[in-house]
Every structure is written in structure tokens, then in C-alpha cells.
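Count residues from 1 along the sequence.
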Amino acid sequence: MNQKISLIIDFLLNYLQGKKKAIELSLITLLSNGHLLIEDLPGLGKTTLAIGLAKTLGLSFGRVQATSDLLPSDITGLSVFNKNTGEFEFHPGPIFNNILLVDEINRATPKTQSALLEAMAERQVTIDGKTYDLPKPFFVIATQNPYELFGTFPLPESQLDRFMMKISLGYPQKEELREILRIGSTREEIIKINPILSKEEILKIQDFIKIGIYISSKVIDYIIDIVEATKRSKFLYSGISTRGSLSLLLAAKANAFIKGRDYVIPEDVKELIEYIIPHRVLFKEEYENINKKEIIKSIIEEVPTPV
């Protein structure tokens with residue numbers, strides 16, 4: 001099955017030149033049953049990535065543009081009274097898609113953010129006292145602009161912890177940009193592509209990653225040592241939560257699967273640290289403006305890697 005994952009990565013590279021790492025990290029997050037936060041400038045391929053994943057994986061896709069007047073019901077849906085039947089009918093919102101892209105999540109009010117993040121965690125929504133399960137698989141990609149802060153409501157650390165990974169796509173390299181300019185926009189083309197995996201296959205992969213990928217006690221101890229190192233670091237007020245520790249373990253398993261192994265090695269963990277840890281720990285004020293990924297790397301370098 002992981003051969004099909006490699007095929008998906010290679011295929012999406014036709015539409016996202018030079019973004020192999022971002023595609024891999026997105027798939028690792030989805031296959032680990034997590035959610036993804038992309039912090040980047042507009043126009044660098046975030047929507048193309050989300051649509052491309054939905055199309056190649058045969059999943060339904062929805063999009064929400066977050067604004068200050070976006071209501072929770074605009075995402076979850078609402079019940080509307082039907083005069084003909086005399087009953088309320090539920091009209092599901094865009095959250096009832098397998099992949100939901102929430103653009104500029106930090107423009108939504110805290111109330112709307114909370115409704116979304118609660119649904120992400122619980123994988124269900126309650127409307128007018130009735131609970132509705134969200135589809136499986138369910139994967140949220142939220143974006144935020146790192147520089148545009150006016151009129152925004154930054155996500156607090158406790159809510160950032162809901163995202164398994166935080167990544168950025170970055171500018172394309174010169175040659176990649178030349179190829180993009182030569183080909184032109186591929187948005188229309190990517191909408192027409194055929195799935196490489198089915199929804200049922202994705203659910204099987206998610207189960208296999210959770211249960212079928214072996215992780216030794218040595219590697220589990222390595223994750224615990226990393227967590228403890230963040231708790232006692234002089235750079236941080238608080239270390240990784242239990243949810244963050246589980247995210248690191250599950251993502252490492254998915255990383256091993258994508259690389260064609262049914263067991264985890266320490267490098268599977270180490271490769272993902274800069275995407276999983278920095279957004280879910282609290283840095284001391286004096287280190288807020290220093291490269292957070294580099295600080296985390298320096299902390300982890302002091303943790304012995306198991307042989």
C-alpha cells in the first residue's frame with residue numbers, strides 16, 4: 001500500500017514543484033489521524049495542496065474562508081424549520097467533508113475557533129441537542145498568515161496543541177518558479193485527476209499505522225526523554241503535553257510506513273521534531289524572537305539517540 005503513497009507524492013509533485021517535504025508531512029499527518037496547520041504567505045500553493053490530496057485520495061473537500069463575522073454554524077451547519085413537514089431539518093456545514101481547508105483561521109473569532117477545534121478533537125458536532133458524527137477520515141488543514149496580524153485572533157497555545165503538525169510551504173526555488181511560470185495555473189487540471197487510493201484504503205492504512213507498525217521500548221523511551229528534556233529546558237516555560245507526545249509517536253509510525261518499514265527507528269522521530277514540537281511548547285519571553293525550531297533542535301541534540 002505504501003507504494004501507492006509514493007505514487008501520490010510523485011504525482012502531486014507535478015502540481016507542487018519542489019514541495020515534496022510538505023506533501024510528505026501532510027500525508028503523515030492525515031494517515032496519523034491528525035490535523036495540519038500551515039503558516040505561510042498567500043499564494044504559495046496551500047489550496048492546491050489541499051485539493052490535490054482530496055482528489056488523489058478520493059475524498060470529499062470543503063473550504064471555509066475565516067472572517068471576523070464567521071459563525072460556528074457557518075462551519076458546523078444548522079437546523080432549519082421546514083414548513084411543509086413541520087419539523088426541523090439539519091443542513092450540514094462544510095465540516096462534513098473528509099478534508100476541510102480553513103483559510104486564515106486566525107481571522108475567525110475565538111468562539112468560532114473553539115467550535116472548530118472542539119469538532120476536530122471530538123470528531124463530532126452537537127446541533128440543537130443532537131450529535132452528528134463527522135465523516136471518516138476527517139482531516140483539517142488550517143492556514144494563517146505569519147505577518148498579517150491586524151484584525152486577527154491568534155490561536156492560544158492550548159488550541160495550537162490540537163494540530164499535529166505546523167509546517168510552511170515556502171517560496172519555490174528559482175528553477176521551480178520558472179517551471180511554474182512555464183506551465184501556468186494547474187488548479188483546473190488538478191480538480192479533474194482520478195483517485196489513486198480509496199477512502200476505505202485510507203482507513204485501513206490509518207488502522208495499520210496505529211496497530212501494525214512496531215515501535216520498540218527503546219524508541220518509546222527516546223520519545224519520553226525528548227518530552228522530559230522540553231519540560232526542564234531553560235528556554236521554555238512548559239514542555240510537550242501528553243497529546244503532543246502521542247502525536248510524536250503516531251507521526252513517527254506513519255513516517256516509518258511511508259518509508260516502507262513496519263517498525264520505527266529513532267530517525268523517524270527525529271525528522272519530525274521541528275514540525276511537531278515548536279508550536280505546542282511555551283517559550284520564555286526573551287527567546288520569543290529567536291528561531292524556535294533551532295532552539296528545539298538544540299534541546300533535542302542533548303538527548304542521546306538509542307542505538
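With a 4.5 Å cut-off on side-chain heavy atoms, L27 and I9 count as touching. Side-chain contact check for P72 versus L116: every heavy-atom pair is 4.5 Å or farther apart. Contact annotation: the side chain of N106 never approaches that of N145 to less than 4.5 Å [non-hydrogen atoms, C-beta and beyond]. Counting heavy atoms from C-beta on, the side chains of P137 and L59 come closer than 4.5 Å. For the pair Y275 and K166, the minimum side-chain heavy-atom distance is 4.5 Å or more. You'll find the side chain of E274 stays beyond 4.5 Å of the side chain of I296, heavy atoms only. Contact annotation: the side chain of I190 never approaches that of N14 to less than 4.5 Å [non-hydrogen atoms, C-beta and beyond]. You'll find the side chain of V80 stays beyond 4.5 Å of the side chain of E89, heavy atoms only.
Tracing side-chain contacts under 4.5 Å through hydrophobic residues (I, L, V, M, F, W, Y), one never reaches V102 starting from L49; they form parts of separate clusters. If you chain together hydrophobic residues whose side chains sit under 4.5 Å apart, I295 and Y237 never meet in one group. Residues V219 and I224 share a hydrophobic cluster, clusters being chains of Ile/Leu/Val/Met/Phe/Trp/Tyr side chains in contact below 4.5 Å. Both L101 and M164 belong to a single network of hydrophobic side chains, linked directly or stepwise wherever heavy atoms of I, L, V, M, F, W or Y lie under 4.5 Å apart.
Between F90 and Y132, the ring-plane angle classifies as parallel under the 30° and 60° cut-offs.
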#### Entry: L31 and I5: CA distance, side-chain angles, deciding distance, side chain to side chain contact (heavy atoms under 4.5 Å, CB included) verdict
CA-CA 10 Å; L31 296 175; I5 298 293; 3.9 Å; yes
Mind running salt bridge (charged side-chain N to carboxylate O under 4.0 Å, His left out) on K46 and D40 for me, showing each step along the way?
-> CA-CA 8 Å; K46 297 186 287 289; D40 232 325; 5.8 Å; no
Go through it in stages, so that I can follow the logic: the residues are T29 and S26, the test is side-chain hydrogen bond (donor to acceptor under 3.5 Å, both in side chains), and I'd like the CA-CA distance, side-chain angles, deciding distance and then a yes or no. CA-CA 5 Å; T29 308; S26 303; over 6 Å; no
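Using modelled atom types, one side-chain atom of N291 and one backbone atom of E294 make a donor-acceptor pair closer than 3.5 Å. Side-chain atoms of T230 come within 3.5 Å of backbone atoms of I240 as a donor-acceptor pair (strictly under, hydrogens ignored). Side chain of R280 to main chain of D161: a donor-acceptor pair is present (N/O by atom type, distance under 3.5 Å, no hydrogens or angles). A donor-acceptor pair is defined here as one N or O able to donate and one able to accept, closer than 3.5 Å; no such pair exists between the side chain of K292 and the backbone of P278. Side chain of S233 to backbone of F235: a donor-acceptor contact under 3.5 angstrom is found.
Using a cutoff of 4.0 Å between basic side-chain nitrogens and carboxylate oxygens, R261 and D268 are scored as salt-bridged. Salt-bridge formation is not detected for the pair R123/D133: no Lys NZ or Arg NE/NH1/NH2 atom is positioned less than 4.0 Å from an Asp or Glu carboxylate oxygen. Using a 4.0 Å cut-off between charged side-chain N and carboxylate O, E201 and K204 make no salt bridge.
The two residues T76 and F96 make their nearest non-hydrogen contact at O-CE1, 3.2 Å. Nearest approach of R162 to R243, heavy atoms of both residues: NH1-NH2, 3.1 Å.
For the side-chain contact (heavy atoms from CB on, under 4.5 Å) criterion with L30, the lone passing option out of L36, I205, I202 is I202.
Counting heavy-atom neighbours within 6.0 Å of K21 NZ, excluding the residue itself, gives a total above 12. Within a 6.0 Å sphere centred on OH of Y287, heavy atoms belonging to other residues, nucleotides or ligands number more than 12. The local environment of CD in E302 is sparse, with at most 12 non-hydrogen atoms from other residues, nucleotides or ligands closer than 6.0 Å. Around NZ of K218, the count of heavy atoms belonging to other residues, nucleotides or ligands within 6.0 Å does not exceed 12.
The closest side-chain donor-acceptor pair between T112 and T109 falls under 3.5 angstrom.
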